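These notes are about the structure you will find just below.
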2 protein chains.
Amino acid sequence: MTIQETTREGTGARPAGRPRSEKAEKAIIEATLDLIAEGMGVSELSIEAIASKAGVGKTTIYRRWSNKEDLVVDALATLRAPLPPLTGESARDDLITLLDVMRKESGQARGRCVMNVAMSEADRHPRLMERFMKRSVEPRKQAMRQTLERGVTTGELRADLDLDIATAMLTGTMLHHTKWAPAGDLPVDLAERVVDAVMTGIAARD
Amino acid sequence: MTIQETTREGTGARPAGRPRSEKAEKAIIEATLDLIAEGMGVSELSIEAIASKAGVGKTTIYRRWSNKEDLVVDALATLRAPLPPLTGESARDDLITLLDVMRKESGQARGRCVMNVAMSEADRHPRLMERFMKRSVEPRKQAMRQTLERGVTTGELRADLDLDIATAMLTGTMLHHTKWAPAGDLPVDLAERVVDAVMTGIAARD
DNA sequence: CCGATACGCAACGGACTCGTTTCGTAAAGG
DNA sequence: CCTTTACGAAACGAGTCCGTTGCGTATCGG
């Protein structure tokens, strides 16, 4: 939420004078994301670097956001990837679809940056992360949960399934790959292989 | 490796003058780890803060390490947790033992700090991480791999097991919990539940 | 055209960190 | 005792970033 939106709240009146440049606004957000994507931590981000990269005066930033945290929250919020459409026909297919979003995102600097920030800055900026999680992570978590529950009711998945551990197995396995796999893109069939492995388990059949 | 060790290399000669204080050395390492454990990123660490917390002059630090990166590598290296003894009797038991190390570590600020640094600074300080990984992560990875391989040969685990994905499932699931579980310590039986879930899989039996 | 506001730019004082140097003192060997 | 090296403390010049201010210009409504 920008200061602009805040101060105009309620009144439909258009303020006098030159209106704010939407182009500048976008440039600031983009520059912020680019810097984070380049490996910057939130604490290392400098308003001056953002302004410089965005081709914008610092004034223009401070006029919109009163501090770095607000800017970062707004910037990360623009990354909300839309949930992929789920057919609901097969839990396996839907899980693959959900996990494949993670694989695709991990190939983009933008996606990696979100993960990095989410993982490493949670301790340092708890309020920031709380807001971000609620906006961006929670919907996906819900989608996976529903998919798992549906799989249980259809009999495709174990009746005694522990939803928390199942979620952790699926997303955690992908997470492990995105963070520690040898450099380069992940294999295109990774999500499928992971889902099958998680479904089947590693124990030998009796 | 400290400068001291480097310069004395080979010669068994004791140098003249006052010897370096081992107490100061330890205090510096401890202060570094404490600061990281408090949520500091490597880039935010300041030599001055370390010196102050350690009750030591900056000179004493620069005399031993020529830059921050070397100091951090040495500090993290002292955290090498010894591998737990593995019985080799049961793959399940050994896997639980291995994963339980992760659970215990995640309850300590020290353990969390290592994870945070490893996850978030890999992009920014690739050489640092390469060194750290080789020293601290590789041994555990090997132990898990051997445990899995042994499980396959004994018939306890699937013959067609994909070692990479199996490793990712086990450590990734724990990772997911340590980073995103609700605050507080992880349940004591988490490792056991994870191993059983990974072994069994989530699919319904035919 | 006028007042109001936003723009990019440059500069400010203050705070912090860097890596180095200087100081007086402490602890070892010869 | 004397040399050598390490110690903690303090100060250094250089650099970065902070959040703010002033400047001349651009763009809106009236």
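Naming convention: chains lettered A, B, ... in sequence-line order (proteins, then strands); numbering from 1 in each chain. Remember, it's a predicted structure, so these values are computed and weren't measured experimentally.
Residue A:N67 contributes atom CG, which lies 12 Å from atom P of D:dC18 at whole-angstrom precision. Taking atom CD on B:E44 and atom P on D:dT16, their separation rounds to 19 Å, with Å as the unit. The NZ-C1' distance, from B:K23 to C:dA26, rounds to 13 Å in whole Å. In this structure, the CG atom of B:L35 is 11 Å from the P atom of C:dT17, given to the nearest Å. Whole-Å rounding puts the A:I50 CD1 to D:dT16 P distance at 17 Å. Between the CD atom of B:E22 and the P atom of D:dA6 there is a distance of 14 Å, rounded to whole Å. Rounded to an integer number of Å, the gap from CD1 of A:I61 to P of D:dC17 is 13 Å. For B:Y62 and D:dC12, the OH to P distance is 18 Å, given to the nearest whole Å.
When side chains are defined from C-beta on, B:T32 counts as touching B:I36, because their heavy atoms get closer than 4.5 Å. Annotation: side chain of A:V194 is not in contact with side chain of A:M169 (no heavy-atom distance under 4.5 Å). B:T178 places none of its side-chain heavy atoms less than 4.5 Å from the side chain of B:R103.
Counting any heavy atom pair closer than 4.0 Å across all strands shown, B:L45 reaches sugar-phosphate atoms only and no base atom.
Remark: the backbone N or O of A:T87 is paired with a side-chain donor or acceptor of A:D94 at under 3.5 angstrom.
Distances shown here put every side-chain N or O of A:R63 at or beyond 4.0 Å from the OP1 or OP2 atom of D:dT21. For A:S21 and C:dA6, the shortest distance from a side-chain N or O to OP1 or OP2 is not below 4.0 Å. Residue A:T60 has a polar side-chain atom (N or O) positioned under 4.0 Å from OP1 or OP2 of C:dG8. Taking only side-chain nitrogens and oxygens, A:R20 never comes nearer than 4.0 Å to OP1 or OP2 of C:dT5.
Between D:dT5, D:dG19, C:dC7, one nucleotide has an atom nearer to the side chain of A:E48 than all others, and that is D:dG19. Among the nucleotides C:dG19, C:dC7, D:dC18, the one closest to any side-chain atom of A:R64 is C:dC7.
If you check distances only, the side chain of B:R18 never reaches the base of C:dA28 with a donor-acceptor pair under 3.5 Å. Side chain A:K58 to base D:dG19: a donor-acceptor pair is found below 3.5 Å. Contact annotation: side chain of B:T59 to base of D:dA9, donor-acceptor pair present below 3.5 Å.
Listed here is the closest heavy atom pair of B:L99 and B:M144: CD2-CE, 3.8 Å.
Place B:V56 and A:S46 on DNA chain D by their nearest nucleotides, and B:V56 ends up nearer the 5' end.
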